[in-house]
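Reminder, nothing fancy here: chain letters follow the sequence lines and each chain counts from 1. FYI, side chains are in, hydrogens and waters are out, and symmetry mates aren't considered; it's all heavy atoms of this structure. All values derive from a computational prediction rather than experimental measurement.
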Number of protein chains: 2
Amino acid sequence: MNEYIGRVKELLEKKNLVVIATECEVWYHGKVESYLPQGDRVIVIKQDRVLLVHQPSGVNPINYMKENTEHNIVENSEGIFLKSKNTLLKDYMEIKFHRIYFVSSFLLEDSKDIIVSGSEKDMSDMIYYNPYLIEDGFKPFSREEHTRFGFIDVFGTDANGKIVVIECKRDFADFKAISQLHRYIHKLVKSKGIPESSVRGIIAAPRISDNALMMLKEYGYEFKSINPPKYLEKYDSNQKRLFEY
Amino acid sequence: MNEYIGRVKELLEKKNLVVIATECEVWYHGKVESYLPQGDRVIVIKQDRVLLVHQPSGVNPINYMKENTEHNIVENSEGIFLKSKNTLLKDYMEIKFHRIYFVSSFLLEDSKDIIVSGSEKDMSDMIYYNPYLIEDGFKPFSREEHTRFGFIDVFGTDANGKIVVIECKRDFADFKAISQLHRYIHKLVKSKGIPESSVRGIIAAPRISDNALMMLKEYGYEFKSINPPKYLEKYDSNQKRLFEY
DNA sequence: GGGGAGAGATGCCGC
DNA sequence: GCGGCATTTCTCCCC
């Protein structure tokens, strides 16, 4: 274990990315307090001083420290510890190592960013550039607008000159989406002195929950079933392979 | 690289936890589509067949596959790939390996669960058992109650027999907390035919945002500044160590 | 399984 | 830094 600990110390100083498989205990003190009893875990310390503690299963880390955390190995009569402190966020972690299975490391280069398609923003873009998806005569004049009455996905007018406020959801629209739409329209009506009858509210989403539909009808809003766009090439399920980019 | 790939294949079959440091490209197709250009990453495949792709920095994985995903190494004229498929969730990932820096592995034993204190539930428990924290004469009669008018944190009566509905927030209370409280009270008043004037709404949180405070005053509710409890022993910042549990 | 709500949510952007 | 909001949110619990 001492060789491993020496190696970890050295790697932490070099600011390498370090992976440790270990049997350990973990204490955390910050917004909450937590204690993780002795057991097998994988610890990753990244080059930006992020620390992740992963259980043998599950997607999310069971404990973590955010970027720019200080990490120090401390050996004393009670055992061998990794003590971590984030002064800015005022949180602390302490890991007691009982056994170390392996230590791996490498200096990774900063990576490129991910390109994602099919988000809510892509949906509002799609509607903005293809207004017929809502209805004939719909004229959008802004999207993703931060106004003093809130953040509106798509904003425009219909064939009869009525104001149209559209709230997009990439998946199910629930009652929260309706109250979000209602809040925008309420503030809009109040601040501009427009009669409520000249504003239409539309939820654009693939589907809507029963509760949300009820709430929507109460407010006199409309639902338009629209799927989020996927610009990237499709996975070819016959060939079981992904496509050239 | 071929040795590494052979090792990964073997380890995937043995269902070990595998850590790979690699220069790679990643495609994902599921609820969204994404493409991650060539760069350095750390890949973790867990024993429950979870796959994580981590950038050299940041807390969250940039791509992931959930539990029970199938993973297969595929070598063809286009290169060496890890192809992953989750039939249940209908999502797919493809990783093209350009270089492999290291491969590590170990068979970890399932770990114990974490113990957390300082959550919203702990807060409602604390208020339930220490009602004077709200005010003298407050008598709670339920907590964390799922009712047909919603999920109420603490429910009780005050010294004058008025009904008290308390919504707890472990951190800042924002306008959503107020509308949540309003929704409960509105439904309660409607379903029980109680006059609105005989129900008091209280937000219990360490702090409240300006917007939320305005909204709270409009509805005639009250704010009580309360911190979430932390039962576990405190981190001693002088001694820089944690304590016996 | 859907629905409602919390989370050490995280992360992004705008003011 | 706060605010408002999306997220392959995740997770839990109830109906």
Side-chain angles (χ1 to χ4, degrees), chain A residues 28-34 50 53 58-67 86 88-93 113-114 116-124 144-153 167-177 180 183-184 187 207-212 228 230, chain B residues 28-34 50-51 53 58-67 69 86 89-93 114 116-124 144-153 167-177 179-180 183-184 207-212 228 230:
Chain A
Y28 172 77
H29 173 76
K31 280 196 181 175
V32 296
E33 288 177 344
S34 72
V50 157
V53 180
V59 169
N60 290 325
I62 191 77
N63 274 119
Y64 59 88
M65 296 293 282
K66 292 193 198 171
E67 52 177 19
N86 189 313
L88 203 68
L89 298 172
K90 287 180 199 141
D91 63 348
Y92 309 89
M93 190 180 290
D113 266 350
I114 197 166
V116 175
S117 123
S119 65
E120 192 173 296
K121 186 182 178 309
D122 289 329
M123 229 176 131
S124 64
E144 296 272 315
E145 198 182 2
H146 290 269
T147 67
R148 66 184 173 292
F149 32 83
F151 177 93
I152 290 178
D153 287 338
E167 170 63 32
C168 300
K169 289 292 157 198
R170 59 181 308 290
D171 211 342
F172 262 90
D174 62 9
F175 79 88
K176 282 178 192 169
Q180 208 174 323
R183 205 167 53 248
Y184 300 154
K187 287 189 185 174
R207 286 190 291 171
I208 187 167
S209 75
D210 292 344
N211 276 4
K230 293 185 181 177
Chain B
Y28 173 76
H29 173 75
K31 279 195 183 177
V32 297
E33 288 176 346
S34 74
V50 157
L51 182 151
V53 180
V59 170
N60 289 327
I62 190 76
N63 274 118
Y64 60 87
M65 296 291 285
K66 292 192 195 168
E67 53 178 16
T69 295
N86 190 314
L89 298 172
K90 288 181 198 139
D91 64 349
Y92 310 89
M93 189 179 291
I114 196 166
V116 175
S117 121
S119 66
E120 194 172 295
K121 187 183 179 307
D122 289 328
M123 225 176 135
S124 64
E144 295 272 315
E145 197 182 1
H146 289 270
T147 67
R148 68 182 172 292
F149 33 83
F151 177 92
I152 291 178
D153 288 337
E167 171 63 32
C168 300
K169 290 292 158 201
R170 59 181 309 290
D171 211 340
F172 261 90
D174 61 9
F175 76 86
K176 281 178 193 170
S179 56
Q180 209 176 322
R183 204 166 53 248
Y184 300 154
R207 285 191 292 170
I208 186 166
S209 75
D210 292 345
N211 276 3
K230 292 182 181 178

Self-check item: Opposite nucleotide pairing with C/dG8, Watson-Crick or G-U, both atom distances under 3.5 Å
Solution: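 Looking at the geometry, C/dG8 pairs with no nucleotide.
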Exercise. By nearest nucleotide on DNA chain D, pick out whichever of B/Lys176 and A/Gly58 is the more 5' one.
Key: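 Looking at DNA chain D, the more 5' nearest nucleotide goes with B/Lys176.
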Quiz prompt | Closest-nucleotide 5' rank along DNA chain D - winner of B/Lys31 and A/Glu167 | solution =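 First, find each residue's nearest nucleotide; the 5'-ward one identifies A/Glu167.
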Exercise. Check for a donor-acceptor pair, side chain of B/Asn86 on one end and backbone N or O of B/Met65 on the other, with a separation under 3.5 Å.
Key: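 Side chain of B/Asn86 to backbone of B/Met65: no pair is present.
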Self-check item: Main-chain N/O of B/Gly118 paired with B/Arg170 side-chain donor or acceptor, under 3.5 Å
Solution: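 Yes, B/Arg170 side chain to B/Gly118 backbone: donor-acceptor pair under 3.5 Å.
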Measure [atom1]/[X] against [atom2]/[N] and give the value in whole Å, please.
X: A/Glu67; N: C/dT10; atom1: CD; atom2: P; value: 12 Å
X: B/Ile152; N: C/dG4; atom1: CD1; atom2: C1'; value: 13 Å
X: A/Phe172; N: C/dG3; atom1: CZ; atom2: C1'; value: 10 Å
X: B/Lys169; N: D/dG3; atom1: NZ; atom2: C1'; value: 16 Å
X: B/Asn63; N: D/dT7; atom1: CG; atom2: P; value: 15 Å
X: A/Leu89; N: C/dA9; atom1: CG; atom2: P; value: 11 Å
X: B/Leu51; N: D/dT8; atom1: CG; atom2: P; value: 16 Å

[X] side-chain N/O to [N] phosphate OP1/OP2 under 4.0 Å:
X: B/Tyr184; N: C/dA5; value: yes
X: B/Gln180; N: C/dG6; value: yes
X: A/Tyr64; N: C/dA9; value: no
X: B/Arg183; N: C/dG4; value: no

Practice problem: Find which nucleotide of DNA chain C each of B/Glu120 and B/Val59 is nearest to by heavy atoms, and output the residue with the more 5' nucleotide. | Solution: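 So the residue in question is B/Glu120.
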Exercise. Could you tell me whether A/Asp91 and A/Lys31 have a side-chain N and a carboxylate O separated by less than 4.0 Å?
Key: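 Result for this pair is no, no salt bridge flagged.
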Nearest to the [X] side chain among [options], which nucleotide is it?
X: A/Lys66; options: D/dA6, C/dG4, C/dG8; result: C/dG8
X: A/Asn211; options: D/dT8, C/dG3, C/dG4; result: C/dG4
X: A/Asp171; options: C/dG11, D/dT9, D/dT7; result: D/dT9

Using a 4.0 Å heavy-atom cut-off, does [X] contact any base of the nucleic acid, only the sugar-phosphate backbone, or nothing at all?
X: A/Phe175; answer: sugar-phosphate
X: B/Asp174; answer: nothing
X: B/Lys121; answer: nothing

Quiz item: Going by atom types only, do B/Ser124 and B/Asp153 share a side-chain donor-acceptor pair under 3.5 Å?
Solution: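 The answer is no; no qualifying pair exists.
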Quiz item: Do B/Leu51 and B/Met93 have side-chain heavy atoms sitting under 4.5 Å apart?
Solution: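 The answer is yes, as the side chains (C-beta and beyond) meet within the 4.5 Å cut-off.
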Self-check item: pair A/Ser34-B/Ile114: side-chain heavy atoms closer than 4.5 Å
Solution: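 Yes, side chains in contact.
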Quiz item: Roughly how far apart, to the nearest Å, are D/dT7 and C/dG6 at atom C1'?
Solution: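 Per the computed distance, 15 Å lies between those C1' atoms.
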Exercise. Determine the interatomic distance between C1' on C/dA7 and the same-named atom on C/dG11; round to the nearest Å.
Key: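 Nearest-Å result for C/dA7 against C/dG11 at atom C1': 14 Å.
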Practice problem: Would you state whether a donor and an acceptor, one from the side chain of B/Asn60 and one from the base of D/dT9, lie under 3.5 Å apart? | Solution: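 Such a pair does not exist between side chain and base.
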